[in-house]
Visitor: 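Supplied in structure tokens, the structure appears directly below.
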Amino acid sequence: MASSPTDFLAELAWRGLLFQQTDGAAAALAAGPVSGYCGFDPTADSLHVGNLVSLMGLVHLQRCGHRPVALVGGGTGLIGDPSGKATERQLKTVEEVQANVAAIRAQLGRVLDFDGATGARLVDNGDWLRSLDLITFLRDTGKHFTVNWMLQKDSVESRLASESGISFTEFSYMLLQAHDFAELHRRHGVTLQLGGSDQWGNITAGTTLVRKLHGAEVHGVTLPLLTNAAGQKFGKSEAGAVWLDAARTTPYAFYQYFLQGDDRDAGKLLRTFTLLDRATIEALEATIGENAAAREAQRTLAREVTTLIHGEAAARTAIELSTLLFQKGDPATLSDEALAALAREVPFASVTPAADGALDTLALFADAGLAESKGAARRLLQQGGLSVNGVKLGAGDTTIDRDRLLRGGHLLLRKGARDYGLVRVQG
RNA sequence: GGUGGAGUAGCCAAGCGGUCAACGGCAACAGACUGUAAAUCUGUCGGCUCCGGCCUUCGAAGGUUCGAAUCCUUCCUCCACCA
């Protein structure tokens, strides 16, 4: 399973995760174990599956015998990376960034392995950037860059052309990231930086600075932006980003996101998000051609990724619930445990019936969040898109009989083919 | 600074005094067919609704008119060409 230390780039390459690399990166990696880092912006209190791509880069680095260093931008997060952004960002407060840093550290910690000779390190650039004084920074870092060079970076160039321009604050961002690379080189002997393809400019700023400051040759590798078969940025569902935080995206929803994926994406996603070896993945890809209906590839993908992020127990629950909802069918047989799990994993609402005790279908679906409004619920009802306890409702079913309540006063609602919600009727 | 053009729902884009909540396309949602897939076909698609309607929209603010997305005035923004 473990490959030799020289295989990192080859590993990324067959997985389709290698975009750009600095000259000499392969030779440097082949020469022996290195320490490589990747930064994560604390723009929210959770990473999402888009961030997971470069995190997987660190995981592969470690499995290939190198030391991964995960950096959380507690300092740079206070500035804002202009890369890939069309307009200036709203500054975040120190408290907000610190809370985000803490949450993201915990997520990174769950995926990386901290034991052994190549145990991962977790660092926060706020530790050195926040105490960095301006004069020192300008003399030691700023002096090594010409503005002419900085202006040529894509991230800056595109913003110069736009009406809103770019503030001096964000313009300086690349220098801070370059400073990080130099600092990590000095403190931890880091000689490699990984990042998404939009980070190339920032990464080369870092390799340049380390060369000038320490006379050392360090390297950068970027991973491609992940897109789906429809050509869209991967990781967005209709509900927004797919988060790694169980409070934002439940393990069930996370599992379902990968399970529901397009056949055409399955192979790419297996290569990107699982640690399965090449032969296994190719065998799974073959099953799509042979027996696509079994969706063996998607099932494996969803199970592997959910296990990686949420752990085995949560993955098992997600699979059980999925089986329950999509395979078996009769909600009346649901156990108390299953109902409790459902309440945690699918949208849940407690509703109070009207004074006369009648259960209004439209209000139920609207309250459960499965429809935007009662009007929207009505349209869905008329189109035959709603069901209760696995039984499709007709256009005339504007109220629900109380004798359909499951144990504990629950009703299992479904909108369309796969959106479930659970409500508990009070009293 | 000058001249000309343009700003319409999530995006693109018609409309140029009433029949406009606004043609059409994309995206999205639902149904049929399937495999919790894709493609295809059908329907929905500003907000709310006691389904009778009600409310708010066509860059912004005023005005003309019985009536304006459509005409007028001022302002804002973008694009092109000229300086």
Side-chain angles (χ1 to χ4, degrees), chain A residues 86-87 158-159 161-165 227-234 236-242 249-270 284-303 305-306 318-329 331 342 345-347 353-356 358-388 390-399 412-421:
Chain A
T87 53
S158 60
R159 288 279 290 279
S162 83
E163 188 217 344
S164 56
T227 54
N228 64 19
Q232 297 154 331
K233 204 167 176 179
F234 185 78
K236 302 280 187 199
S237 70
E238 66 276 12
V242 178
T249 302
T250 65
Y252 166 78
F254 188 86
Y255 176 85
Q256 282 286 324
Y257 179 76
F258 285 98
L259 183 67
Q260 288 169 10
D262 196 308
D263 289 358
R264 295 169 294 177
D265 291 325
K268 188 203 283 195
L269 296 179
L270 280 165
L284 283 168
E285 285 181 298
T287 66
I288 297 173
E290 290 156 10
N291 182 14
R295 294 194 340 292
E296 197 55 36
Q298 283 96 329
R299 281 180 203 289
T300 307
L301 168 70
R303 187 185 66 234
V305 191
T306 309
I319 294 169
E320 279 170 19
L321 283 180
S322 298
T323 307
L324 220 57
L325 295 176
F326 290 99
Q327 246 98 90
K328 297 280 188 340
L342 259 180
E345 298 285 336
V346 305
D356 60 3
L359 297 171
D360 177 28
T361 307
L362 304 180
L364 283 175
F365 279 88
D367 289 347
L370 289 175
E372 298 268 323
S373 68
K374 289 171 73 176
R378 176 181 297 274
R379 285 192 286 271
L380 286 164
L381 183 67
Q382 283 163 352
Q383 294 184 119
L386 301 179
S387 58
V388 167
V391 180
K392 185 176 281 195
L393 297 176
D397 294 329
T398 51
T399 58
L412 181 63
L413 310 181
R414 194 185 67 179
K415 178 209 123 190
R418 43 184 181 246
D419 281 346
Y420 282 94

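The structure presented is a predicted model; accordingly, all values stated were derived computationally and were not measured. Protein chains get the first letters and strands the later ones, always in sequence-line order, with residue 1 at the start of each.
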Visitor: By the 4.0 Å heavy-atom rule, please label A/Gly416 as base, sugar-phosphate, or nothing.
Guide: sugar-phosphate
Visitor: Indicate whether OP1 or OP2 belonging to B/rG47 is found under 4.0 Å from a side-chain N or O atom of A/Ser373.
Guide: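 For B/rG47, OP1/OP2 do not have a side-chain N/O of A/Ser373 under 4.0 Å.
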Visitor: CD of A/Glu372 versus P of B/rA28: gap in Å, rounded?
Guide: 16 Å
Visitor: In the 5'-to-3' direction, what one-character label does each nucleotide of nucleotides 34-46 of chain B receive under the scheme B = base within less than 4.0 Å of a protein heavy atom, S = sugar-phosphate only, - = no such atom?
Guide: -BBBS----BS--
Visitor: Give a yes or no on whether the backbone of A/Thr227 and the side-chain of A/Lys268 come within a donor-acceptor separation of less than 3.5 Å.
Guide: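 Answer holds: yes.
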Visitor: Within less than 4.0 Å of OP1 or OP2 of B/rC50, is there a side-chain N or O belonging to A/Lys374?
Guide: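 A/Lys374 to B/rC50 OP1/OP2: side-chain N or O found under 4.0 Å.
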Visitor: Counting only side-chain nitrogens and oxygens, does A/Lys392 get under 4.0 Å of the OP1 or OP2 atom of B/rA30?
Guide: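 False: A/Lys392 side-chain N/O out of range (4.0 Å or more) of B/rA30 OP1/OP2.
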Visitor: Taking A/Arg414 for the side chain and A/Leu325 for the main chain, is one N or O donor matched with an acceptor at less than 3.5 Å?
Guide: no
Visitor: Quick one: classify the glycosidic conformation of B/rG15 as syn or anti, with syn meaning within 90° of 0.
Guide: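 Classified anti.
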Visitor: Under the rule for side-chain contact (heavy atoms from CB on, under 4.5 Å), what residues qualify as partners of A/Thr300, not counting sequence neighbours?
Guide: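 For A/Thr300 the side-chain contact (heavy atoms from CB on, under 4.5 Å) partners, ignoring immediate neighbours, are A/Leu276, A/Leu284, A/Glu296, A/Arg303, A/Glu304.
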Visitor: Tell me: CZ of A/Arg378 to C1' of B/rG53, nearest whole Å?
Guide: 12 Å
Visitor: What pair of heavy atoms forms the shortest contact from A/Thr249 to A/Ala241, and how long is it?
Guide: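 Shortest heavy-atom separation between A/Thr249 and A/Ala241 comes out as OG1-O, 4.0 Å.
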Visitor: Can you tell me how far C1' in B/rA37 sits from the matching atom in B/rC23, rounded to whole Å?
Guide: 34 Å
Visitor: Work out which heavy atom in A/Phe365 is nearest to a heavy atom in A/Leu413; give both atom names and the distance.
Guide: CE2-CB, 3.6 Å
Visitor: If a pair means Watson-Crick or G-U wobble with both distances below 3.5 Å, what does RNA chain B look like in dot-bracket form, with | marking bases paired to a different strand?
Guide: ((((((((.[[[..)..(.....]]].(((((.......))))).(((....)))...[[[[[..)....]]]]]))))))).
Visitor: With rounding to the closest Å, how many angstrom separate the C1' atoms on B/rU34 and B/rA27?
Guide: 23 Å
Visitor: With rounding to the closest Å, how many angstrom separate the C1' atoms on B/rG63 and B/rG15?
Guide: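 Pairwise C1' distance, B/rG63 against B/rG15, rounds to 23 Å.
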Visitor: Would you mind reporting whether A/Leu342 and A/Leu321 have side-chain heavy atoms less than 4.5 Å apart?
Guide: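 Counting from C-beta outward, A/Leu321 and A/Leu342 do come under 4.5 Å.
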Visitor: What's the gap between B/rG52 and B/rU36 when it is taken at their P atoms, as a whole Å value?
Guide: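 About 37 Å, rounded to a whole number of Å.
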Visitor: Say you pick atom P in B/rC71 and the same atom in B/rA6; how far apart are they, in whole Å?
Guide: 11 Å
Visitor: Check for a donor-acceptor pair, side chain of A/Ser387 on one end and backbone N or O of A/Lys392 on the other, with a separation under 3.5 Å.
Guide: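 No, the answer is negative, given that no donor and acceptor are paired below the 3.5 Å cut-off.
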Visitor: What interatomic distance, in whole Å, is found between P of B/rU73 and the corresponding atom of B/rA13?
Guide: 26 Å
Visitor: Distance between the P atoms of B/rC58 and B/rG46, in whole angstroms?
Guide: 16 Å
Visitor: Within the side chain of A/Thr399, is there an N or O that forms a donor-acceptor pair under 3.5 Å with the backbone of A/Asp360?
Guide: no
Visitor: Keeping A/Ser373 on the side-chain end and A/Ala376 on the backbone end, is there a donor-acceptor pair under 3.5 Å?
Guide: yes
Visitor: Reading RNA chain B from 5' onward, which residue's closest nucleotide shows up sooner: A/Gly375 or A/Leu380?
Guide: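 Checking each residue's closest nucleotide, the 5'-ward one belongs to A/Leu380.
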Visitor: Taking all non-hydrogen atoms of both residues into account, name the closest pair between A/Asp397 and A/Gly394 and its distance.
Guide: OD2-N, 2.7 Å
Visitor: What distance, rounded to whole Å, do you find between the two C1' atoms, one in B/rG47 and one in B/rC66?
Guide: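 So the two C1' atoms sit 28 Å from each other.
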